[in-house]
There are 2 protein chains.
Amino acid sequence: MEIETATVATPHKGRPREFCVDMALAAALRVFWSKGYEGASMADLTEAMGITKPSLYAAFGNKEALFNKALDLYEREKADYMHAALDAPTARGVAERLMYGALDMYTCPENPNGCLGVITSVACGAEAECIRQAVLERGATAKRAMLERFARAKEEGDFPPDTDAEGLAAFLTAVNQGMSVQAGAGATRAELERLVETSLKLWPGR
Amino acid sequence: MEIETATVATPHKGRPREFCVDMALAAALRVFWSKGYEGASMADLTEAMGITKPSLYAAFGNKEALFNKALDLYEREKADYMHAALDAPTARGVAERLMYGALDMYTCPENPNGCLGVITSVACGAEAECIRQAVLERGATAKRAMLERFARAKEEGDFPPDTDAEGLAAFLTAVNQGMSVQAGAGATRAELERLVETSLKLWPGR
DNA sequence: CGATTTCCATAACGGCTGGTATATAAGTGG
DNA sequence: CCACTTATATACCAGCCGTTATGGAAATCG
């Protein structure tokens, strides 16, 4: 049982490390985010993180472990708008927050364009299959949460009673994924804004 | 000027090749389609095509040239539903044909899941950047055609006069791209059908 | 001051990548 | 039958991949 806090722990023995783990992880996330898991080589990663390969392996394990930690960071800091969106009082509010949140993230100048989940889950060689599965699993969890939220919305009367809540969840997910693809293809923020506004105009209710 | 037709030309000199170029190309397409450009190794390709590497290089040039020819084949045989869709008499007909055509292609058991264009354009290392650009260019051409079709539809009264035709084109594209992502993630045909039906229920007009 | 522990830097590992040189087999034209 | 042309098969290339062994540097503990 440790007494010192883990975050600011002073390692009392041995040579102290010369880089900040959090910043290095953030740099690694940027690389994975823009190049995908397989497209990001160890050379890319170490250069962006400003450390050497042995330091990386000592601090993070290996490439796969590094990616998983970067994915945790991504969900924690970048994709938390999803959780916030599901807390909206109405189904329309959920859709609005979700789409505008995605729009902001996909077009933020200091982020790579698009969604890390989409980028990583689309295609890969055999070696990255477990990575792909891990990402798909998180996506499935997110979709399940949205599904429950829309089922509740239907009970609360946000949708007409004959609405296919599952279809609407898949629909909202699809528009977001398409927005990510188009952002990665170089679409401007203005173009994606029109996509979001068009989608919200078609969204049922209110 | 050749008298003989190019397709069935009998090469009168040298040892005849022992494989069918078209079948080999079709096999290569399948590999690229399921693994992406970078995820498909030369070993994967030669094994699927049933030929050795020197034969591949002699017949197709190199990996990039092979991909471009596979992409041509893809557009010619697999993605021609897009052209057919744009010939529909109404904008709603365009949307219907496009979505059901995509649905059929993405879920056809003898095809890999998803859209080759989306798979290849999403993320890649630096070496595949020119491949990505080539794919993006074809996507841009397709989008331009859809845009013109919807501008015409607006003039013909398929949409209310205050409709954002460009937004609707981006919307339809996005739903298709999202459908491709979900197909690649393992969605069943039934799930994608509900996505299509939901999207068409939201589509304006008629 | 050693002794110990941890981290950094260099360099190397086996394996796989896309791409080829070389030699042989299988056809046709003379 | 022989020369020529083309395809196939084997083996190989340099270069990059993710990963790790080795040796020295920097801190704390006794």
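Here Lys154(A) does not pair with Asp164(A) in a salt bridge; the nearest charged N to carboxylate O distance is not below 4.0 Å. A salt bridge between Glu38(B) and Lys35(B) is absent, with no side-chain N of the basic residue lying under 4.0 Å from a carboxylate O of the acidic one. Note on Arg189(B) versus Glu193(B): salt bridge recorded, some NZ/NE/NH1/NH2 to OD/OE distance being below 4.0 Å.
Atom-to-atom, CE of Met49(A) to C1' of dC7(C) comes out at 15 Å; the value is rounded to the nearest Å. Taking atom CZ of Phe60(A) as the reference point, atom P of dC7(C) lies 12 Å away to the nearest angstrom. Between the C1' atom of dA25(C) and the CD atom of Glu18(B) lies a distance of 9 Å, rounded to the nearest Å. Atom pair Arg15(A):CZ and dT6(C):P shows a separation of 14 Å (rounding to whole Å applied). Here the P atom of nucleotide dT5(C) and the NZ atom of Lys13(A) are 7 Å apart, to the nearest Å.
A heavy atom lying under 4.0 Å from DNA chain D marks none of the residues of residues 67-74 of chain B.
The backbone N or O of Thr90(B) sits nowhere less than 3.5 Å from a side-chain atom of Asp158(B) that would complete a donor-acceptor pair.
Glu129(A) and Gln133(A) form a side-chain donor-acceptor contact under 3.5 Å, judged by distance and modelled atom types alone.
Here Ser55(A) does not reach the OP1 or OP2 of dC7(C): none of its side-chain N or O atoms lies under 4.0 Å away.
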Where protein sits on nucleotides 12-23 of chain D, one letter per nucleotide: B base, S sugar-phosphate only, - none, heavy atoms under 4.0 Å: -----SSBBB--
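A perpendicular orientation is assigned to the rings of Trp203(A) and Phe159(A), their planes being inclined by more than 60° (bins at 30° and 60°).
In this structure, Arg17(A) forms a cation-pi arrangement with Phe19(A), its terminal cationic atom sitting closer than 6.0 Å to the ring centre and no more than 45° off the ring axis.
By the 4.5 Å heavy-atom criterion applied to side chains, Lys63(B) and Tyr37(B) are counted as neighbours. Within the 4.5 Å cutoff, side-chain heavy atoms of Phe150(B) are placed close to those of Leu172(B).
Considering only the side chain of Thr52(A), dA9(C) comes nearest among dT8(D), dA26(D), dA9(C). Of the candidates dC8(C), dA7(D), dG27(C), dC8(C) carries the atom nearest the Phe19(A) side chain, counting heavy atoms from C-beta on.
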